[in-house]
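Data first, discussion second: the structure below is written as structure tokens.
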2 protein chains.
Amino acid sequence: MAYQAPLRDMKFVLDAVVGLDEIVEMPPFVAADLETVFGALDEAARFVQDQVAPLNEIGDQIGSVRNADGSVTTPPGFKEAYRQFVEAGWSAVPVPEEFGGHGFPLLVGTVVMEMLNAANMAWTLCPLLTQSAIDALIHHGTPEQQATYLPNLLTGQWSGTMNLTEAHAGSDVGALRTRAEPADDGSWRIKGTKIFITYGEHDMAENIIHMVLARTPGSPPGTKGISLFIVPKFLVNEDGSVGERNDVFCASLEHKMGIHGSPTAVMHYGENSEGAVGYMIGSENEGMRAMFTMMNGARLAVGNEGLGIADRAYQQAVIFAQERHQGRAIGSTESSPIIDHPDVRRMLMTMKAYIEAMRCVIYADAAFIDRSIGAATVEERTSASHLAALFTPISKAWCSDLGCEVASLALQVHGGMGFIEETGAAQHYRDARIAPIYEGTNGIQAIDLVMRKLPLENGDVIAGLITDVRDTVDSLAHRPNLASKLRSAVDAVETATAHLMASLPNDPNQALAGATPFLRLLGTVLGGHFMGQSLVAAESLADARDGDQEFLEAKIATASFYLDQLLPQAIGLVDAIVAPDEALFAIEPKYLVG
Amino acid sequence: MAYQAPLRDMKFVLDAVVGLDEIVEMPPFVAADLETVFGALDEAARFVQDQVAPLNEIGDQIGSVRNADGSVTTPPGFKEAYRQFVEAGWSAVPVPEEFGGHGFPLLVGTVVMEMLNAANMAWTLCPLLTQSAIDALIHHGTPEQQATYLPNLLTGQWSGTMNLTEAHAGSDVGALRTRAEPADDGSWRIKGTKIFITYGEHDMAENIIHMVLARTPGSPPGTKGISLFIVPKFLVNEDGSVGERNDVFCASLEHKMGIHGSPTAVMHYGENSEGAVGYMIGSENEGMRAMFTMMNGARLAVGNEGLGIADRAYQQAVIFAQERHQGRAIGSTESSPIIDHPDVRRMLMTMKAYIEAMRCVIYADAAFIDRSIGAATVEERTSASHLAALFTPISKAWCSDLGCEVASLALQVHGGMGFIEETGAAQHYRDARIAPIYEGTNGIQAIDLVMRKLPLENGDVIAGLITDVRDTVDSLAHRPNLASKLRSAVDAVETATAHLMASLPNDPNQALAGATPFLRLLGTVLGGHFMGQSLVAAESLADARDGDQEFLEAKIATASFYLDQLLPQAIGLVDAIVAPDEALFAIEPKYLVG
């Protein structure tokens, strides 16, 4: 099925909701002006639609395959599309010019990534991980390391990976056992096995720059004793050319439910030698800090996967619902396209409304990150940084959960055909399901939100956000029904926040117990906040006859639907948030079954 | 992963919630007494756990395969397990003794089917479809047809199928085109292609008795012109032995996302002849009525699939959560099993509570069907029949949706391992997803509930049910918090019902628009009703020291969790139910994308 980048809505959100016009005026982003950005997005859409989207299905069917020599062959077409991606320079979009990037805001890179995720989530994981390695180098690398690795990572000729997980260290990164021993020349020798390494081995890039967490001798236990190392697949010669093969090999690929095109590798470091050659990046025992730099960007990127795949699945469902005729709608004398049935239309409107709300949340998060770098005053930058910190777990978890739910609705629209693999709806459903798991499970995101983000600035960050939502309520005074629903919803957030904040100091288990329903509530309410803003902006543009009237009317209808019909479903989550945590532990594990 | 039939909870629901003790006293079920029934369930559990459950994974991996000659080979072990199923006589459990069955209530057969679904949903589809064919023969067959087909269907030596769907006739059965021409000998010749035929061809039974919907010459269009035919794979000789091969062949098998073990066939009827030999069952043009007899049982059975697979997935998650250690729970000085983390425990409690609520709804539905046959007075039988009619779409849709949601939570508990196929969690997630689709999509169920079931007896049936829930509220007076939540929830049902009933006569689109959220609301509230009854019953048994105290305390905790934390989430659905249907149609289809 074809994918069409939703450029009108993307530009609407950029323009009318998250303030791209302000961001492109900020000094770090002088390279970007609105016209250039919108032109780049049009171009990206063409590339993504024509080159990347058509490979989604074959990527699923054939998957990446490990060969006997440990090399990995990606699905037909992946390599060629990647070469074109490199040639067009898409990899460097959101990287500062001082490092050789295009100097565009992360916001613009995020829009391009939404398109890529929608087109082909499995393929897009390769540039996504490369971006993480770039982030680590920019923030923690020495000038020499930056000079050695950044240029080819920026073009995408080399790709990157993140190596955290080991068999006994998943969510609990601190339990990892991979060891790094110092060598005489200042480099390190890495020994250990990492699992779930996305694009750990593949044939699309000339070199792979692995970012590997490991323990140095005598390091303290847990996360405080972890350092980060650069471990290139091929060592880099002094002249920058690709040199000797390093002792890092793909031992096997996982057999996964989805994202078959993306090779998920078990990686052996130093199995055939004293250790793979690695270079410490950042300070010893500061690896988790560096990794968090990468993870925050990656978490936003995974939320963006939820958005992208939701939109792809939705578009396919809309087409199917117009083509498939079954039964007669009320008042019709002949067979109706199923889109005329209210229940089908409800599924489509639900998908559309959640997608547009997710788009606002994801773009707003990226815009906060841009403002945290580019805003004029230190206060504005700090405030934006805090909001980005608060938004990141919501972007990741709320949008990845909704990605699965929207993909499920899209499958349902197809009826029996949805369960047949040839239709493609099932692939979206399978692919989407990884996003709530990796880059920190959604449970971990909820814990991060409640334990680390609510207490930011003694609660002033969430309090300020609640005030912002109340401003949106005020702006909806002319739509009293919608204003009232958003008010009830933000009241619920305030109640829940107060309960969690009160629990945090002395009863953290109580706060942990409410974390997941709280994240869902807050995500849904922030979606309502942005949909309310979208509604007001669209009304104003429509009144001024400024823009595509059909699009603006659709936006008003979709935002109204969200506020009127979806938002109220979240309010009942408060009961779960404030319930005593003992209720979760009332049953001994051995009595849970039987 | 092993499966353990939850016999304690099954017996609790039978005993304390749905009144098996009353049902076994009814004349049609004299063969069953409580001791016999409970003994049979223990025996069924052993068979299912030992013989059927271990085949679930290999069934997924290898799947059913069509051979060049059109025959189908089921996965290794399926045939042997089926042979044992036949030998043990499990197929005939809920069939009246007059037809050669064991004369047990459907309720008991439903419990056995829950176990089978949990153990191996793909395998269990074969006996499930056979049961549908048995139902059709019992209710609509002539004595000769019953004598010819029932004995071997009852043992399971022959299996059955339902043939409704054609490429252009899915939800819209009335659009089907398969034709039946009369032959000189009173039989018919069937020509056409059916799709999505579960166990349409396989190697587990000696013969396959297809129940096929087709049109006779001159029949009226739509569902009023459809007749039902028996089309055996092998014609049956006068002495009852298996005779000549009929012209019905499997043209291909679908490549599905899940239930790989179950062959889903495209069936060609009469491709190589004047038509496959068929025998009309019931009257001409009355096929839909007959098919509804089969569908109602099948819809309850599909809801039971949601329950079964949810329980299987849950059990696996509980085991994993006890074995997997990650991080430290609050107050712990060493690595904790993840079950000690509140967020994981919330997932497990949510699964457990929904499963136990589903079990009540499914068993109650089966019990209503039994009472509709066996109750003493015509009033009681009619009332039970109406309640079964009202419950059936809820059993099907609410439980199949929850089956997917519980399987998703179970996958999430596994973290990254959940996305790897070897773990098994992904299979449950994939398998469960068909249940909201087949036997009438869940949207169709919601429409059935609102359009046909709410108006039963001018609304007295739903009104009576609401009164029953209010009685449960009263019985919870000693738990005022829980009583209050159930009261708010049933108030929401009453509001929503009044709105829908008022819309039905003149504005059916308005009722249709609210159907799906209404079904979800009513299902959740009925779950709360039964969990409230369970709580009261468990308290009373615990006070009397009558039964396993640990189990009863767990039941009280689970029911409290459901009423306190899950039930309130449904109340916000009212907003969607009462919203104007125009909100769904505000956007022209061509503006839905972009």
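Computation of the quantities below employed the complete heavy-atom set of this structure, encompassing side-chain atoms and omitting hydrogens, waters and symmetry-equivalent molecules. Throughout, protein chains are lettered first and strands after them, A, B, ... in sequence-line order, and every chain is numbered starting at 1.
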Problem - Portion of A:A513 that has a non-hydrogen atom of chain B nearer than 4.5 angstrom - result: both
Practice task
Working to the nearest 0.5 Å, report the span between CE of A:M257 and OG1 of B:T423.
Solution key: 11.0 Å
Practice task
Give a yes or no answer on whether the side chain of A:Q326 reaches the backbone of B:G170 with a donor-acceptor pair at less than 3.5 Å.
Solution key: yes
Exercise for the section: Would you mind checking which part of B:L7 comes under 4.5 Å of any heavy atom in chain A, side chain (CB onward), backbone (N, CA, C, O), both or neither? Expected result: neither
Exercise for the section: Against chain A, work out which of B:I434, B:I259, B:I339 has the most heavy-atom pairs shorter than 4.5 Å and name it. Expected result: B:I434
Handout entry: Which atoms of A:M347 approach chain B - backbone, side chain, both or neither, heavy atom under 4.5 Å
Key = neither
Exercise for the section: Side chain from CB out, backbone as N, CA, C, O: work out which of these in B:T264 comes under 4.5 Å of a heavy atom of chain A, or both, or neither. Expected result: neither
Problem - Any side-chain heavy-atom pair of B:L512 and A:H341 under 4.5 Å - result: no
Exercise for the section: Would you check if A:K352 and B:I587 make a side-chain contact, meaning some heavy-atom pair closer than 4.5 Å? Expected result: yes
Fill in the blank from the handout: If one checks every heavy atom of A:L348 against chain B at 4.5 Å, the contacting part turns out to be side chain
Problem - Contacting region of B:V318 [heavy-atom separation from chain A under 4.5 Å] - result: side chain
Practice task
Output the distance between atom CG (B:D575) and atom CD1 (A:I571), rounded to the nearest 0.5 Å.
Solution key: 7.5 Å
Problem - Choice from A:G331, A:A321, A:P337, A:S408 maximising heavy atom contacts with chain B below 4.5 Å - result: A:S408
Problem - Smallest separation among heavy atoms of B:G327 and A:D172, with atom names - result: N-OD2, 2.7 Å
Completion exercise
Most heavy-atom pairs under 4.5 Å with chain B, out of A:G415, A:A175, A:G222, A:A329, belong to A:G415
Handout entry: Options B:K485, B:R345, B:M417, B:H325, ranked by heavy-atom pairs under 4.5 Å with chain A, top entry
Key = B:R345
Problem - Contacting moiety of A:A426, where chain B heavy atoms sit under 4.5 Å - result: both
Exercise for the section: Name the member of A:D9, A:I577, A:L573, A:I447 that forms the most heavy-atom pairs with chain B at distances under 4.5 Å. Expected result: A:L573
Handout entry: Interface moiety of B:A515 toward chain A, non-hydrogen atoms closer than 4.5 Å
Key = neither
Completion exercise
Closest non-hydrogen atoms of B:D431 and A:F419, given as atom of the first, atom of the second and distance, are O-CZ, 4.4 Å
Handout entry: Donor-acceptor pair, side chain of B:E422 and main chain of A:K256, under 3.5 angstrom
Key = no
Problem - Interface residue of largest heavy-atom contact number with chain A, from B:Q4, B:R8, B:M349, under 4.5 Å - result: B:R8
Completion exercise
Note: A:P589 and B:Q322 closest approach over all heavy atoms is CB-NE2, 3.4 Å
Exercise for the section: Counting only heavy atoms closer than 4.5 Å, note whether B:K590 contacts chain A via side chain, backbone, both or neither. Expected result: backbone
Handout entry: Segment of A:F196 engaging chain B (4.5 angstrom heavy-atom cut-off)
Key = side chain
Handout entry: Segment of A:T165 engaging chain B (4.5 angstrom heavy-atom cut-off)
Key = neither
Handout entry: B:P517 side chain reached by A:R346 side chain, heavy atoms, under 4.5 Å
Key = yes
Exercise for the section: Answer with side chain, backbone, both or neither: which region of B:Y438 has an atom nearer than 4.5 Å to a non-hydrogen atom of chain A? Expected result: neither
Practice task
Name, in order of residue number, those residues of residues 550-560 of chain A that have a heavy atom at a distance of less than 4.5 Å from a heavy atom in chain B; otherwise write 'none'.
Solution key: A:E550, A:F551, A:A554, A:A557, A:T558
Problem - Candidates A:D581, A:N509, A:T516 - the one meeting side chain to side chain contact (heavy atoms under 4.5 Å, CB included) with B:P342 - result: A:N509
Exercise for the section: Please state whether the side chain, the backbone, both or neither of A:A167 comes within less than 4.5 Å of a heavy atom of chain B. Expected result: backbone
Practice task
Flag the one option from B:E588, B:Q427, B:R324 with the top tally of heavy-atom pairs under 4.5 Å to chain A.
Solution key: B:R324
Practice task
May I ask you to decide if A:P436's main-chain N or O and B:Q412's side chain share a donor-acceptor pair within less than 3.5 Å?
Solution key: yes
Problem - Toward chain B, the part of A:R430 with a non-hydrogen atom under 4.5 Å - result: both
Practice task
Pick one of side chain, backbone, both or neither for A:F585, based on which atoms fall under 4.5 Å of a heavy atom in chain B.
Solution key: both
Exercise for the section: Return the option, out of B:G174, B:P6, B:G258, with the maximum number of heavy-atom pairs under 4.5 Å with chain A. Expected result: B:G258
Exercise for the section: Identify the two heavy atoms, one from A:Y314 and one from B:L592, that lie closest to each other, and give their separation to 0.1 Å. Expected result: OH-O, 2.7 Å
Handout entry: Region of B:A169 in contact with chain A, defined by heavy-atom distances below 4.5 Å
Key = backbone
Completion exercise
chain A shares the most heavy-atom pairs under 4.5 Å, among B:A570, B:A586, B:A446, B:G416, with B:G416
Handout entry: Minimum side-chain heavy-atom gap B:Q569-A:Q569 below 4.5 Å
Key = no
Problem - When A:V574, A:I444, A:I420 are compared by non-hydrogen pairs under 4.5 Å with chain B, the top option - result: A:I420
Fill in the blank from the handout: In terms of heavy-atom contacts, A:D343 and B:G443 come closest through OD2-CA, 3.3 Å
Problem - Interface residue of largest heavy-atom contact number with chain B, from A:R328, A:Q510, A:E421, A:E405, under 4.5 Å - result: A:E421
Problem - Proximal component of B:N442, with respect to chain A [non-hydrogen, under 4.5 Å] - result: both
Practice task
Answer yes or no: is there a donor N or O on one side and an acceptor on the other, between the side chain of A:R433 and the main chain of B:L411, under 3.5 Å?
Solution key: no
